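Below: one structure, written as structure tokens.
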Protein chains: 2
Amino acid sequence: MSAGFETRLREAGYRLTPARRAVFAVLRQASTPLSAAEVWRLGRARHAGLGRATVYRTLPLLVRLGLARALLAPGGVRYQCSEGGTHRLVCRGCGAELPLSGCPAGALAQELSEKYGYLVEGHLLEFYGLCPDCQRRMRHEV
Amino acid sequence: MSAGFETRLREAGYRLTPARRAVFAVLRQASTPLSAAEVWRLGRARHAGLGRATVYRTLPLLVRLGLARALLAPGGVRYQCSEGGTHRLVCRGCGAELPLSGCPAGALAQELSEKYGYLVEGHLLEFYGLCPDCQRRMRHEV
DNA sequence: AAGTAAATGATACAATGTCTCAACTAGCAC
DNA sequence: GTGCTAGTTGAGACATTGTATCATTTACTT
Ligand SMILES: [Zn+2]
Ligand SMILES: [Zn+2]
Ligand SMILES: [Zn+2]
Ligand SMILES: [Zn+2]
């Protein structure tokens with residue numbers, strides 16, 4: 001379940017602590033990307049004295065290790081577990097999001113890998129534009 | 001040149017002010033995405049008394065209007081003019097970025113447009129993984 | 001069980017972003 | 001042009017978010 005998390009942390013030379021478990025667990029079972037503040041609040045349910053600084057230290061660590069991803073939502077940065085989908089259709093007017101399924105980018109990854117020597121682990125594909133409501137709004141309210 | 005900016009602002013019912021001109025001009029001629037603080041500093045070269053609050057008000061406005069885009073870089077949020085490319089290959093280890101050219105997402109846009117009623121104006125495609133250096137580092141320094 | 005370096009949490013601090021409000025001005029009507 | 005008015009501005013107080021420091025604790029090794 002969260003075995004990947006533990007081994008990943010270990011193999012990178014980091015210790016497995018209650019604080020890190022708590023932070024990851026929170027992301028893991030969240031159904032939507034969370035802000036750092038939310039992670040802290042929820043994390044304290046799992047690890048009583050979880051410190052704010054630790055959360056801010058852990059989240060970027062998880063990103064560096066590939067266990068989580070940082071997303072820019074209207075309202076600030078949010079984090080989500082790597083497993084979650086990252087294909088969205090975002091309205092630039094109101095910020096509404098629609099998660100997507102299909103994706104054409106897979107093929108390109110291999111190509112990039114060979115071309116630049118990068119180890120391509122994933123990708124983020126976001127379409128942006130206007131939702132039906134905001135299209136109407138733009139017309140009517142000038 | 002920046003005619004699109006002016007008409008876009010007008011047609012959405014916003015006024016054309018020196019402050020907004022300055023902010024947009026800064027983004028416009030920047031070769032790399034800028035933080036809000038950088039926009040403020042550079043903007044004051046163009047409009048002496050440009051206020052910090054105005055910058056923080058204007059940047060999201062430009063995003064809502066489709067004139068700029070917000071990007072999440074390691075180190076914080078950065079803004080760039082809509083024209084700039086948004087196809088990157090980002091290293092999750094060190095944050096290094098490589099701008100890309102080709103893209104397979106265009107076709108999907110039309111499809112989404114019909115399916116959800118969204119007006120799809122563009123997309124952001126980001127591959128993430130490890131640069132060659134960070135791959136070595138991960139092996140050697142555990 | 002003991003030793004040790006990594007990690008934590010509290011706190012102070014810095015950076016980033018938001019709100020309020022009096023003063024100003026872009027756009028419009030005349 | 002002259003005035004009107006609502007949108008906009010800039011200053012500064014405030015709130016939030018993120019970082020640095022450091023004494024204490026603790027996960028891992030032996
Ligand atoms: Zn919308
Ligand atoms: Zn995909
Ligand atoms: Zn790297
Ligand atoms: Zn593309």
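Since the model is a prediction, treat every value here as computed from it, not as a measurement. Numbered from 1 within each chain, the chains take letters A, B, ... in sequence-line order.
The environment of CD in A/E111 is sparse: at most 12 heavy-atom neighbours from other residues, nucleotides or ligands sit within 6.0 Å.
When each of B/V77 and A/R20 is assigned the nucleotide of DNA chain C bearing its nearest heavy atom, the one mapping closer to the 5' terminus is A/R20.
Rounded to the nearest 0.5 angstrom, B/E6 CD and B/R21 CZ are separated by 4.5 Å. In this structure, A/L16 CG and A/R8 CZ are separated by 14.0 Å, a value rounded to the nearest 0.5 Å. Interatomic distance, NE2 of B/H87 versus SG of B/C103, reported as 3.5 Å (0.5 Å rounding).
One atom, CH2 of B/W40, and another, C1' of C/dT18, lie 14 Å apart when rounded to the nearest Å. In this structure, A/L16 atom CG and C/dT8 atom P are separated by 10 Å, rounded to whole Å. The distance between atom CZ of A/R15 and atom C1' of C/dT8, rounded to the nearest whole Å, is 11 Å. Atom-to-atom, CG of B/L34 to P of C/dG17 comes out at 13 Å; the value is rounded to the nearest Å. C/dT8 atom P lies 11 Å from atom OH of A/Y14, rounded to whole Å. We find that CG of A/L72 is positioned 14 Å from C1' of C/dT16, with the value rounded to whole Å.
Between A/Y128 and A/C91 there is no side-chain heavy-atom pair separated by less than 4.5 Å.
Residues B/L61 and B/R20 come closest through the heavy atom pair CD2-NE, 3.7 Å.
For the segment residues 42-58 of chain A, residues with any heavy atom less than 4.0 angstrom from an atom of DNA chain C are, sorted by number, A/H47, A/G49, A/L50, A/G51, A/R52, A/A53, A/T54, A/R57.
B/V90 and B/L100 end up in different hydrophobic clusters when Ile, Leu, Val, Met, Phe, Trp and Tyr side chains are linked at under 4.5 Å.
The footprint of chain B on DNA chain D, defined by a heavy-atom cutoff below 4.0 Å, extends from D/dA6 to D/dA13.
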Table please: side-chain donor-acceptor pairs of residues 72-80 of chain A below 3.5 Å, with sequence neighbours left out.
from	atom 1	to	atom 2	distance (Å)
A/R78	NE	A/P33	O	3.0
A/R78	NH2	A/E38	OE1	2.7
A/R78	NH2	A/E38	OE2	3.1

